[in-house]
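This report concerns only the one structure given below.
Side chains included, hydrogens not; waters and symmetry mates left out as well; all remaining heavy atoms used.
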Amino acid sequence: MRGPAEGHPSPQGCDWPACAQKIVCHVEDSLRSTATLQVTQALNVLTTTFGHCHSPWTQGLWVRLSPLVACLLEKDPIPASHSLVDLLLSVARSPVGSSDCGLWETLAQTLSHLSPTQAGPLALGILKLQDCPQALKTQAFGVLLQPLACVLKAAAQAPGPPGFPEGATGDSITVDTFLSSKSACVGLLCQALAHLELLQLLPQRPSPWPQAPLLRAAVAILRFCHGSAAPTSDVGGHLCAVLAGCVRVQRAALDFLGTLSQGTGPQELVTQVFAVLLEYLTSPDSSPMVLKKAFQATLRWLLGSPKAPSCCDLDPHTQLFLGELLPVLRKRLCSPCWEARDSGLEFLTQVTRHWGGQAAFRHALLASEVPELTGQLLRDPESYVRASAVTATGQLSSWGLYATPTGPEHPEVQQESLFTELLHILSTDSEGFPRRAVMHVFTQWLKDGHADVAEDLEQFVARVLQAASQDLDWEVRAQGLELALVFLEQLLGQPGSRCPYAVALPEAAPPATLAQVLQALCRVQLFEFALRALFDCDRPVAQKSCDLLLFLKAKATPCGGPQEAGASPDVVSVEAALQRWQAGEQGQPLGELEPEAVMAVLRSMDLEGLRGMLAKSSDHMEKSPQSLLQDMLATVGVLGENEADCY
């Protein structure tokens, strides 16, 4: 139909090319076939056609084929249900959907004929459509809500409507699916929760949104899984048996509960939400992944909680929950399970980042042993936990919340001891994750004007860059260049964000002259670090170094920086060192350089050309499949195994 033809073919198909008419006849025969594979192939062809071609003739194609598609609904079981759903949604998104060709009636019939599990994706797709009859949207929303309506009915202490819109009450088919098998029950619940979670985030979600019933349903599901629900019917007893300890449903329900934190609800329901989250955080039966999800949902509900009406502090209900939560967090930080310790540290980092300035949170946290335990986890045997502890202590210290056994009467001692300990981790830890975390913390401290940074800025930068330059992990070296860039921007009078509780550098200080900036960069040996990195064997490091030096070169050129130093001894030694580094040799440190020599070397280097070369892929010289196969064979030759498979 896209080929050269005289005029525009009519939608009816009477003047279509002979080949196109043969194809349509073949698709018709396939849709009438009793073989599911043939039906599936025909539906997939049509899905692609309506998805990619929006010409007027597609309307005629749908008018011709829609009766055959509708006939599929009369078969039991419905063949190729997934492909059928894909086709109907593809047609609805195309211009055919805006015409009066019976599509909406077909969608409504399909929703009622498919099983609850099959109808879920179709219902979600209908609710995502921009232009769709309200009656069809109501029907689709009811399909998504039916599994949760069944849960509410099974958990209800007294008879009465669950509070969902009309049409969402759990019908007999949904109940039968719940009772048929454990896998069917779990699959239907997880699908409904995932679809409703996606729908909650969409601007075209149904209005009014049944926030309160959804909250009750999520809490009920979590209680069925935890074994704390009191069933009042046979279905409730079945759900208790099927869902008890089901990690898959627990994860889906906790994700959905976290998404619901964006809405509001009665205080009684919010209290129930915090209660069930506390149950999961406290329970020894919570698996590591479920515990992680519970911490994430708790964080979202805490950050979404209202502030006290008289001030910007936390409301009394949140403060009460914090008093119950922090002992649980303290217990999790002492857990023998490293995943539990790690999840607890991640939660602490996030909640401190958002609430570090809230008086109620600060008071509750300092009264607990959590900061001290966090410091002890810097020496945890598990590297993931050490990395999370580094991030957490860095965040606590930024807000003045990190405490050590020295006590609050000597804050300067504890600040110095934390910096020393983090620097020790950067220099000696055998795993890469904690060292990367230290570099991220130091970079953030530099941006925020942390007390350790403000005390002696140049010494801080010099010690960190010295440790990063010797690290074997390319991400550590790359983050060292990021820190160097932040330092350079601050010297040039372009400071980053500041933490309100940090000891910031004087804001009123005028930007230093270029000569002073270059001297400071030489004193901290930033140039040697960046020039070495320019020839790093890991391309991301070399790219960052090139960008940093180009940034400095651009800043220095319009300002009329120091003039070139000709062939001075410093210039000669730097150029010789560059040649050695480019050849892969280490060589001796250059020591403190003169700014004029460094700028002369930078002006003589083709940094723009180097950046262009680094932007090319590593195999730009030869991209053939033969080259890839040769690499594979060379690797196998070294390992001495699976050589036959590789050939």
Side-chain angles (χ1 to χ4, degrees), residues 81-82 85 111 114-125 127 140-156 162-165 167-201 209-260 272-273 276-277 279-280 285-287 289-290 293-294 296-297:
S81 59
H82 290 294
V85 167
L111 278 176
L114 292 175
S115 70
T117 305
Q118 294 169 337
L122 179 60
L124 179 64
L127 290 167
F141 195 33
V143 168
L144 292 186
L145 293 174
Q146 278 177 2
L148 272 64
C150 283
V151 170
L152 277 183
K153 190 174 180 181
F164 284 128
T169 55
D171 59 7
S172 58
I173 300 178
T174 307
V175 174
D176 291 343
T177 304
F178 270 135
L179 298 177
S180 61
S181 67
K182 177 174 181 177
S183 61
C185 176
V186 168
L188 181 57
L189 261 184
C190 289
Q191 177 183 270
L193 291 167
H195 287 163
L196 288 167
E197 182 183 352
L198 290 172
L199 194 60
Q200 154 87 6
L201 304 172
W209 180 255
Q211 175 78 1
L214 288 174
L215 278 176
R216 284 200 297 270
V219 169
I221 292 171
L222 288 169
R223 284 182 173 158
F224 276 126
C225 293
H226 190 255
S228 57
T232 57
S233 63
D234 292 341
V235 177
H238 178 75
L239 286 177
C240 272
V242 167
L243 298 181
C246 181
V247 172
R248 186 180 165 198
V249 176
Q250 287 173 339
R251 291 169 57 180
L254 286 167
D255 280 339
F256 180 54
L257 187 61
T259 305
L260 289 175
Q272 291 182 32
V273 168
V276 77
L277 288 173
E279 285 179 21
Y280 273 79
D285 298 326
S286 295
S287 70
M289 181 52 71
V290 168
K293 296 286 187 184
Q296 290 173 347

Minimum heavy-atom distance between [X] and [Y], given as atom pair plus value:
X: A220; Y: V151; result: CB-CG1, 3.9 Å
X: G187; Y: R248; result: CA-NH2, 4.0 Å
X: L127; Y: A140; result: CG-CB, 4.1 Å
X: G245; Y: Q250; result: CA-NE2, 4.1 Å
X: G120; Y: L144; result: O-CD2, 3.7 Å

Quiz prompt | Residues in side chain to side chain contact (heavy atoms under 4.5 Å, CB included) contact with A294, at least two apart in sequence or another chain | solution = L254, Y280, L281

Interatomic distance, [X] atom [atom1] to [Y] atom [atom2] [nearest 0.5 angstrom]:
X: L239; Y: C150; atom1: CG; atom2: SG; answer: 8.5 Å
X: L114; Y: H82; atom1: CG; atom2: NE2; answer: 9.5 Å
X: H238; Y: F224; atom1: NE2; atom2: CZ; answer: 11.0 Å
X: S286; Y: H226; atom1: OG; atom2: NE2; answer: 5.5 Å

Mind listing the side-chain donor-acceptor pairs of residues 188-200 below 3.5 Å, one per line with the distance, residues two or more places apart or on another chain?
from, atom 1, to, atom 2, distance (Å)
Q191, NE2, T117, O, 3.0
E197, OE2, T259, OG1, 3.4
Q200, OE1, R205, NH1, 3.1
Q200, OE1, W209, NE1, 2.9
Q200, NE2, T259, O, 3.4

Any side-chain heavy atom of [X] sitting closer than 4.5 Å to one from [Y]?
X: R216; Y: L152; result: yes
X: L215; Y: L257; result: yes
X: L277; Y: V273; result: yes

Quiz item: Got more than 12 heavy atoms from elsewhere within 6.0 Å of CZ, R251?
Solution: no

Practice problem: Would you sort out whether R223 and V276 count as a side-chain contact (heavy atoms from CB on, under 4.5 Å), showing the intermediate values? | Solution: CA-CA 7 Å; R223 284 182 173 158; V276 77; 4.0 Å; yes

Quiz prompt | Pair L122-V143, side-chain contact (heavy atoms from CB on, under 4.5 Å): steps then yes or no | solution = CA-CA 9 Å; L122 179 60; V143 168; over 6 Å; no

